[in-house]
Structure formats: C-alpha cells, structure tokens
Amino acid sequence: MTERSGVYNELMSVWTVGPLLSIAMTLAAFLAAQWIFVRIRRPLWMPPVLIAAVLLSGVVALSGIGYEKYQHGARWLTALLGPATVALGIPLYQQMHHIRALWKPILVTLPIAATLAAVYSLVIAWGMGASPMVLASLAPKSVTAPIAMGVSEQLGGSVSLTLGALLITGVLASLFVDWGAKWMKVTDERIIGFALGLNGHAVGTARAFEISPTAGAFSSLGMGLTGVFTALFLPFMFPF
Amino acid sequence: MVLLRGFLTLVVFFLLGEAVRVLAGLPISGGVLGMVMATGTLMLRGRVSDELASASQGLIAVLVMLISPGVVGVFFIADQFSEHWLTVAVALAAGTLLSVLTTLWVMNWVAASEGKKHD
C-alpha cells in the first residue's frame with residue numbers, strides 16, 4: 001500500500017512539473033461536459049460551464065493535486081482569455097449591419113439596461129450590508145468573463161467570487177428571459193436575443209443560439225456592447 | 001498555418017491593448033481595448049479576412065473551457081464567502097430578474113414606438 005502511494009506521489013510530482021496535466025484535465029472536463037449536456041437534454045439551469053466546473057472540482061479534490069497546482073498549470077489556458085476577448089470584436093464587426101438596422105432601440109436600451117444590470121444587484125447587496133469587496137465582485141456580474149475578471153480586479157473584488165456570480169447570473173438570466181418574454185408577450189427574437197446577451201453574457205448567448213441564429217447574433221451583440229460599456233464606465237462610476 | 005496567422009493577429013491586438021492601457025493609464029483591461037481597436041480597424045478596412053474570422057470563431061467556441069478553471073476556484077474558496085452567501089444569492093436573483101424585465105420592456109417599447117413612426 002505504501003509502495004503504491006509512493007508511486008502515485010512520484011507520478012503526480014512528475015506530471016505537475018509542467019502545465020500539461022492541468023490542460024488535459026480541463027480539456028477532458030470541457031469535452032465531457034458538452035457530451036453530458038446533450039445527453040441530459042440541454043437543461044437551461046445546467047449549462048456546460050457548470051458541468052465542466054463541477055467535474056473539474058471533483059477531480060482536483062479527489063486526485064490530491066490541490067487547487068493551487070491545478071490553477072498554476074491551467075494558467076496556460078486562461079492566458080488565452082486575452083486574445084479571446086479581442087476575438088469578440090470580430091462578430092461585433094460582422095453584425096454591424098444589424099446594429100445599424102436597429103440602432104435606436106439598441107442605443108436607448110444599452111446604457112439603461114447595462115447600468116441597471118449592475119445597479120439593481122449592487123443596491124440590494126449594499127442594503128443587506130455587503131462589504132466593499134463583495135460589492136466590487138458583484139458589479140460586473142452581467143459582463144462576459146474575460147472582461148468581468150479585469151473589471152473585478154480593477155475594482156478590488158475577488159475574481160473567483162465574480163466568476164461564481166457570473167455563472168449564477170448567466171443561468172438565471174436564461175430562465176428569466178424565457179419567462180419574461182412569455183409574460184410580457186415579447187416575440188421579436190432580436191429583442192429576446194439582445195436581452196439574453198446583455199444580462200446573461202456567454203451563458204445567455206449559448207441559450208440564444210438554441211432559439212435561432214438571429215437571436216444568437218443579437219445576443220453576441222448585447223454581450224459585446226455590455227462588455228465594452230461596463231468596462232469603459234463602471235470603473236469610473238464605482239464609488240468605493 | 002492559416003489559423004496561426006489569425007491567432008497571431010488576435011494576440012498582437014491584445015498586446016497593443018495592454019500597451020494602450022499602461023501608456024494611457026486607463027482602468028480598462030487590455031483585452032477590451034484590443035477588441036475595440038480590432039473592431040475599429042475592421043470597420044476602416046471594410047472587410048474581415050477568413051483567417052481572422054476562423055481564428056476568432058475557434059476561440060469563442062472554447063470560451064467556456066477558458067473560463068472553467070476560474071469557476072473551479074469558486075468551489076475551493078466557497079468557505080471564505082459562507083457569511084455572504086445569502087446576500088450574494090438574493091442580490092443576484094432579484095437583481096437579474098429586475099434587469100431582465102427592464103431590458104425587455106425598454107427595448108420592446110422603443111422598437112414598438114419606432115415601428116409606429118414608420119407605419
């Protein structure tokens with residue numbers, strides 16, 4: 001038994017010298033999550049990113065690698081979030097004709113809704129006595145992850161709490177847009193898509209692409225514009 | 001090779017964004033600045049190359065994977081936030097419901113009044 005665990009420990013120390021074990025785990029969890037998501041019939045409340053994170057946490061805890069070591073290796077992947085943010089600018093350009101066609105509703109809705117997406121939650125959390133660190137972590141909750149992480153860091157929040165808030169917000173926004181559109185009798189897929197992307201970032205956008213390509217395009221647009229708007233204005237408006 | 005060229009373009013724009021952030025002292029992440037510069041450049045050029053379009057599609061498709069290591073952190077630091085969880089849960093649930101309804105209402109209203117003007 002001792003010899004076995006000795007071999008295991010030796011293997012682990014060899015494997016965790018470089019980042020490849022972390023990368024393999026993350027890739028495997030991502031692919032497994034996609035597969036499971038399709039198998040359980042794409043439930044709104046259980047998006048692939050949540051499945052992947054739960055799988056990864058289980059493996060990280062059970063294998064004894066430890067979160068620190070896993071995270072260290074995974075940095076090779078998370079470094080790609082920078083260029084991935086730049087990549088969001090390309091669909092933004094490709095959908096420029098959509099923006100032009102519906103520029104007025106977009107222009108009126110964006111500043112109001114993107115501001116309120118942060119303000120509603122901040123006011124509620126502040127009223128319940130949240131610390132400045134928690135408030136800073138919640139502020140970019142409707143913004144796509146690579147941008148939100150940067151905003152949270154700049155405001156003095158916890159990036160991990162922000163990512164958790166982001167995930168919950170994305171899942172809830174997908175559910176609420178479905179309900180809200182039915183309740184308010186909104187049938188325009190462009191509006192539904194824009195609301196999904198504006199409030200639910202990447203998770204909402206994945207949902208929008210399930211509704212229709214038009215909803216998906218408007219969701220990407222809502223996600224991109226909210227990201228830019230929040231990144232540009234939130235650090236200046238945040239009074240803490 | 002084609003994908004690599006597109007990827008290099010994205011990385012260069014990210015590095016430019018970081019440069020602008022530091023030199024101008026802006027509180028905006030380098031990725032966002034790079035994105036704005038990339039969109040602006042494409043608008044000036046009036047077209048997007050296939051290599052850049054496919055590299056960007058590829059990265060956006062794995063966005064969920066790039067986020068997941070960070071999300072894992074939520075489970076490992078959860079106990080740090082155990083005293084805040086109720087606040088966080090209420091703020092997120094109520095805040096998101098309100099902002100979703102506001103978005104749908106405002107946009108629907110503006111689009112409808114626009115439509116009426118055109119009729």
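Here the structure is a predicted model, which is why all the values come from computation and not from measurement.
Side-chain N/O atoms of B:Ser99 and A:Asn199 include a donor and acceptor closer than 3.5 Å. Inspection of the B:Thr102 and A:Tyr120 side chains reveals an N or O donor paired with an N or O acceptor under 3.5 Å. Counting only N and O atoms by type, the side chains of A:Tyr67 and A:Ser57 include no donor and acceptor under 3.5 Å apart.
Top candidate by heavy-atom pairs under 4.5 Å with chain A, chosen from B:Val72, B:Val106, B:Val90, is B:Val72. Ranking B:Thr96, B:Val110, B:Leu59 against chain A, the residue ahead of the rest is B:Thr96, based on heavy-atom pairs under 4.5 Å. Of the listed residues (B:Leu101, B:Leu10, B:Val12, B:Asn108), the greatest number of heavy-atom pairs within a distance under 4.5 Å of chain A belongs to B:Leu10. Counting heavy-atom pairs under 4.5 Å between each of A:Thr205, A:Leu116, A:Val49, A:Ile191 and chain B puts A:Ile191 at the top. With respect to chain B, the highest number of heavy-atom pairs below 4.5 Å among A:Ala52, A:Pro48, A:Ala165, A:Ala130 belongs to A:Ala165. Note on A:Ile192, A:Leu50, A:Val186, A:Leu196: by heavy-atom pairs under 4.5 Å with chain B, the leading option is A:Val186. Chosen from A:Ser121, A:Ala202, A:Gly200, the residue pairing most often with chain B at heavy-atom distances under 4.5 Å is A:Ser121.
For A:Gln94, the part lying near chain B is the side chain, with the backbone staying farther off; criterion is any non-hydrogen pair under 4.5 Å. Of the two parts of A:Ile90, the backbone and the side chain both hold a non-hydrogen atom closer than 4.5 Å to a non-hydrogen atom of chain B. Both the backbone and the side chain of A:Leu88 come within less than 4.5 Å of a heavy atom of chain B. Of the two parts of B:Ala55, neither the backbone nor the side chain holds a non-hydrogen atom closer than 4.5 Å to a non-hydrogen atom of chain A. Interface residue B:Ala38: only side-chain heavy atoms are found under 4.5 Å from chain A. Neither the backbone nor the side chain of B:Trp109 comes within less than 4.5 Å of any heavy atom in chain A. Only the side chain of B:Val36 comes within contact range of chain A, judged by heavy atoms closer than 4.5 Å. When heavy atoms are compared at a cutoff of 4.5 Å, A:Leu27 approaches chain B by way of both its backbone and its side chain. For chain B, no part of A:Val119 is nearby; none of its heavy atoms comes within less than 4.5 Å. At a 4.5 Å heavy-atom cutoff, the contact between A:Trp183 and chain B is made by side-chain atoms alone.
Side chain of A:Thr226 to main chain of A:Gly222: a donor-acceptor pair is present (N/O by atom type, distance under 3.5 Å, no hydrogens or angles). Judged by distance alone, with hydrogens and angles left aside, the side-chain atoms of A:Thr109 form no donor-acceptor pair with the main-chain N or O of A:Ile106 at under 3.5 Å.
Nearest heavy atoms, A:Gly156 versus A:Ala136: C-CB, 3.9 Å.
In terms of the salt bridge (charged side-chain N to carboxylate O under 4.0 Å, His left out) criterion, A:Glu189 has no residue partners (sequence neighbours excluded).
A 4.5 Å side-chain heavy-atom check between A:Leu56 and A:Phe30 finds every atom pair outside the cut-off. The closest side-chain heavy-atom distance from A:His72 to A:Ser22 is not below 4.5 Å.
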Could you pull out all donor-acceptor pairs under 3.5 Å where a side-chain atom in residues 76-84 of chain A meets a protein atom, sequence neighbours excluded?
| unit_1 | atom_1 | unit_2 | atom_2 | d |
| --- | --- | --- | --- | --- |
| A:Thr78 | OG1 | A:Ala74 | O | 3.3 |
| A:Thr78 | OG1 | A:Arg75 | O | 3.4 |

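Note that OH of A:Tyr70 is 9.5 Å distant from CD1 of A:Ile65, once rounded to the nearest 0.5 Å.
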